[in-house]
Amino acid sequence: MPEGAVILFQQSGGFAGIMEEWAIYADGRIVAGDGRVLQVEPAQVQQLLEEAEAIGFFQMKADYVPLDTCCDRFLYTLTVRSGECVHTVRALEGAEAPAALWDLLGAVRRLISQPAAPC
């Protein structure tokens with residue numbers, strides 16, 4: 001996990017075999033693996049962290065990846081830091097995992113897909 005980041009989101013696989021990585025910081029800065037930098041409100045990041053705590057993210061299993069990983073699905077890896085606690089969860093698209101995890105992954109994806117703020 002990059003120094004100072006509170007959330008690290010990775011998405012890989014799919015038909016095109018993509019690999020994307022996003023480091024999210026408490027100050028609202030989001031740094032993509034390709035070097036692009038976005039800025040969101042720090043309150044949005046705080047809301048994600050609070051949601052992770054509320055759904056029991058730190059108590060979830062580390063892996064929701066079935067033995068059969070067939071068929072061009074995305075693999076999501078989410079790492080969240082809260083104080084000294086750091087927890088990583090991997091989930092394969094379509095796998096059986098807590099609905100709250102899919103909701104949290106969706107919230108992170110919406111955050112990183114926001115249009116860049118004007119200069």
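The chain is numbered in sequence order, starting from 1.
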Close side-chain approach of Gln11 and Glu21, heavy atoms under 4.5 Å: no
Gap separating the OH atom of Tyr64 from the CD atom of Glu96, nearest 0.5 angstrom: 10.0 Å
Contact check, side chains of Pro66 and Leu92, non-hydrogen atoms, under 4.5 Å: yes
Phe58 reachable from Leu104 in the ILVMFWY side-chain graph, under 4.5 Å edges: yes
Shortest non-hydrogen contact from Pro42 toward Ala26: CB-O, 3.4 Å
Distance (rounded to the nearest 0.5 Å) between Met60 CE and Thr88 OG1: 13.0 Å
Atom pair OG1/CG of Thr77 and Leu8 - distance to nearest 0.5 Å: 8.5 Å
Closest contact, heavy atoms only, Ala91 versus Leu101: CB-CD2, 4.0 Å
Gln47/Glu51 under side-chain hydrogen bond (donor to acceptor under 3.5 Å, both in side chains): CA gap, chis, key distance, verdict: CA-CA 6 Å; Gln47 183 178 358; Glu51 184 177 340; 5.6 Å; no
Any side-chain donor near an acceptor of the partner, Ser12 and Glu20, under 3.5 Å: no
Atom of Glu53, atom of Ser82 and distance for their closest heavy-atom approach: OE2-OG, 2.9 Å
Atom pair CG (Asp27) and CD (Gln46), whose distance is rounded to the nearest 0.5 Å: 12.5 Å
Pairwise distance CD1(Ile30) to CD1(Ile24) - rounded to 0.5 angstrom: 5.0 Å
Pairs meeting criterion ring-ring contact (aromatic ring centres under 6.0 Å, His included) with involvement of residues 19-56, two or more places apart: none
Counterpart residues, side-chain contact (heavy atoms from CB on, under 4.5 Å), relative to Glu93 (two or more places apart): Arg73, Phe74, Tyr76
Val45 versus Leu111, closest heavy-atom pair with distance: CG2-CD2, 4.5 Å
Heavy-atom closest pair, residues Met1 and Ile7: CE-N, 3.4 Å
Value rounded to 0.5 Å, distance of CZ in Arg110 from CG in Leu48: 9.0 Å
Side-chain touch Val65/Leu75, heavy atoms, less than 4.5 angstrom: yes
Cationic N near anionic O, under 4.0 Å, Lys61 to Asp63: no
Test side chain to side chain contact (heavy atoms under 4.5 Å, CB included) applied to Val31 and Arg29, step by step: CA-CA 7 Å; Val31 180; Arg29 186 170 40 103; 3.8 Å; yes
Sequence neighbours excluded, every pair satisfying ring-ring contact (aromatic ring centres under 6.0 Å, His included) that has a member inside residues 78-103: Phe57-His87
Whether Arg90 side chain and Leu78 backbone form a donor-acceptor pair below 3.5 Å: no
